[in-house]
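Chain A is the first sequence line, chain B the second, and so forth, proteins listed ahead of strands; every chain is numbered from 1.
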Amino acid sequence: ESNHASLIPEEGKKKVPGLQGRWDAQSHELLRDFEATLLHMFGLKKRPRPSRSPAAVPRYMLDLYRLQSGEGDESGGEIAFEYPERSASRANTVRGFHHEEHMERVHELGEGEATPLRFLFNLSSIPEDELLSSAELRLYRQQIAEAGGDDNKTGLHRINVYEVLKAPRPGQLITQLLDTRLVRHNASRWESFDVSPAVLRWTRERRPNHGLAVEVLHLDRTPRRRGEHVRVSRSLHQEPGEDWEQLRPLLVTFGHDGKGHPLTKRTKR
Amino acid sequence: SPKQRGRKRNRNCRRHALYVDFSDVGWNDWIVAPPGYQAYYCHGECPFPLADHLNSTNHAIVQTLVNSVNNNIPKACCVPTELSAISMLYLDENDKVVLKNYQEMVVEGCGCR
């Protein structure tokens with residue numbers, strides 16, 4: 001007796017002499033219904049057809065899965081963040097969103113003022129019965145090595161993340177500060193910004209939103225290599241080995257649909 | 001020397017291995033992880049009298065007792081009594097990445113009910 005199951009039921013595989021055509025039609029229908037039942041169980045209306053193969057899966061989502069399922073203990077310390085227990089303890093679903101790149105906008109506010117970049121996220125795939133508990137915007141910052149300089153004295157950046165409250169007008173962007181951080185450009189790492197107040201309201205009200213704006217201020221006014229540290233937009237000339245799909249800003253939502261338990265961290269079975 | 005006895009095959013209700021492989025139906029293009037999982041299944045007899053380790057209820061004991069005198073009443077069935085969840089990482093219909101916890105996917109224990 002085999003203990004390796006196939007999801008294709010045995011009944012669908014039988015062939016009866018003289019009734020080949022009818023069995024093929026029946027088995028096809030059976031498979032289709034079976035697949036529909038399974039997809040419904042997973043909360044999907046139709047079978048996903050990824051547009052790319054292999055699919056571009058953000059490393060953060062993969063690492064979250066490994067940490068939650070206990071496989072992170074075997075990864076040999078490759079995962080460079082702690083499992084977000086607080087967010088995950090209230091969620092059974094985590095979703096990752098990249099911004100709509102074709103709608104990316106730089107808003108020139110005036111001479112001497114920092115230029116924020118606006119990001120729009122399409123959150124329409126979040127079901128109505130899924131209640132979000134938190135959301136974070138993850139930005140990657142790439143180390144800038146100072147030639148002949150003291151890294152501890154230069155390279156201070158202030159990163160501000162805003163919610164855009166109204167449709168932008170030329171020279172005007174109405175925003176509300178959500179989170180801020182002071183960083184130094186002598187390290188490469190991901191930064192997480194709490195954007196829960198904005199994203200939770202967007203999904204609760206289910207109305208179009210005006211997106212998030214990210215502003216990067218160079219505090220020591222170093223003119224060299226501006227705009228290179230915090231990776232908020234695609235480089236004109238991609239560096240060898242760079243994968244923009246893995247470096248681009250990522251909006252992560254934590255929610256619960258009322259079915260099942262939260263994604264608390266598990267030890268490997 | 002004592003006669004060697006053959007090992008009796010345990011036919012009683014218990015958990016059996018069952019690995020479910022998503023690649024069998026080509027779902028490995030949208031399910032990123034895991035590639036499959038150990039679901040287990042329950043199978044076996046629920047013999048009279050029901051032993052304690054068969055994890056039964058009082059009702060199952062009564063039903064099995066009645067079956068012993070009246071075949072029209074079926075025996076208790078070997079079914080999952082405890083199930084646990086697994087998390088899955090996948091791409092949804094909109095190409096968005098989702099990590100979700102699905103309940104009642106793995107059999108942790110079987111019993112006669």
Enquirer: Rounded to the nearest 0.5 Å, how far apart are CG of B:Asn94 and CD1 of A:Ile126?
Expert: 10.5 Å

Enquirer: How far does CG of B:Asn101 sit from NE2 of A:His261, to the nearest 0.5 angstrom?
Expert: 8.0 Å

Enquirer: For A:Glu205, is the CD atom crowded, meaning more than 12 foreign heavy atoms sit under 6.0 Å from it?
Expert: yes

Enquirer: What closest approach, in Å, do A:Tyr65 and B:Ser87 show between heavy atoms, and which atom pair accounts for it?
Expert: CE1-O, 3.3 Å

Enquirer: Can you confirm whether B:Asn70 is buried at CG, in the sense that more than 12 heavy atoms of other residues, nucleotides or ligands lie under 6.0 Å from that atom?
Expert: yes

Enquirer: Identify the heavy atoms of B:Lys100 and A:Glu130 that sit nearest to each other, and give their distance.
Expert: NZ-OE1, 4.5 Å

Enquirer: Tell me whether A:Arg206 at atom CZ has more than 12 heavy atoms from other residues, nucleotides or ligands lying less than 6.0 Å away.
Expert: yes

Enquirer: For the residue pair B:Asp92 and A:Arg95, establish whether any side-chain heavy-atom pair is separated by less than 4.5 Å.
Expert: yes

Enquirer: For residues B:Glu104 and A:Met41, determine if any side-chain heavy atom of one lies less than 4.5 Å from a side-chain heavy atom of the other.
Expert: no

Enquirer: Side chain, backbone, both or neither: which part of B:Val98 has a non-hydrogen atom closer than 4.5 Å to chain A?
Expert: both

Enquirer: So do A:Leu39 and B:Trp27 actually touch side chain to side chain, heavy atoms under 4.5 Å?
Expert: yes

Enquirer: Starting at CG of B:Leu91, measure out to CZ of A:Arg49 and round the result to the nearest 0.5 Å.
Expert: 13.0 Å

Enquirer: Which bit of A:Asp257 is near chain B, if near means a heavy-atom gap under 4.5 Å: side chain, backbone, both or neither?
Expert: side chain

Enquirer: If you take all heavy atoms of B:Lys96 and A:Ser125, which pair is closest and at what distance?
Expert: CG-OG, 4.0 Å

Enquirer: Specify which of A:Leu44, A:Thr253, A:Val252 makes the most heavy-atom pairs with chain B at under 4.5 Å.
Expert: A:Leu44

Enquirer: From B:Gln103 CD over to A:Lys259 NZ, what is the distance, rounded to the nearest 0.5 angstrom?
Expert: 9.0 Å

Enquirer: What pairs of residues pass the ring pair (Phe, Tyr, Trp, His ring centres under 6.0 Å) test when at least one of them lies in residues 76-113 of chain B, not counting sequence neighbours?
Expert: A:Phe42-B:Tyr102, B:Trp30-B:Tyr90

Enquirer: Taking everything shown except A:Leu131 itself, do over 12 heavy atoms lie less than 6.0 Å from its CG?
Expert: no

Enquirer: Between A:Arg47 and B:Asp29, is there a side-chain heavy-atom distance shorter than 4.5 Å?
Expert: yes

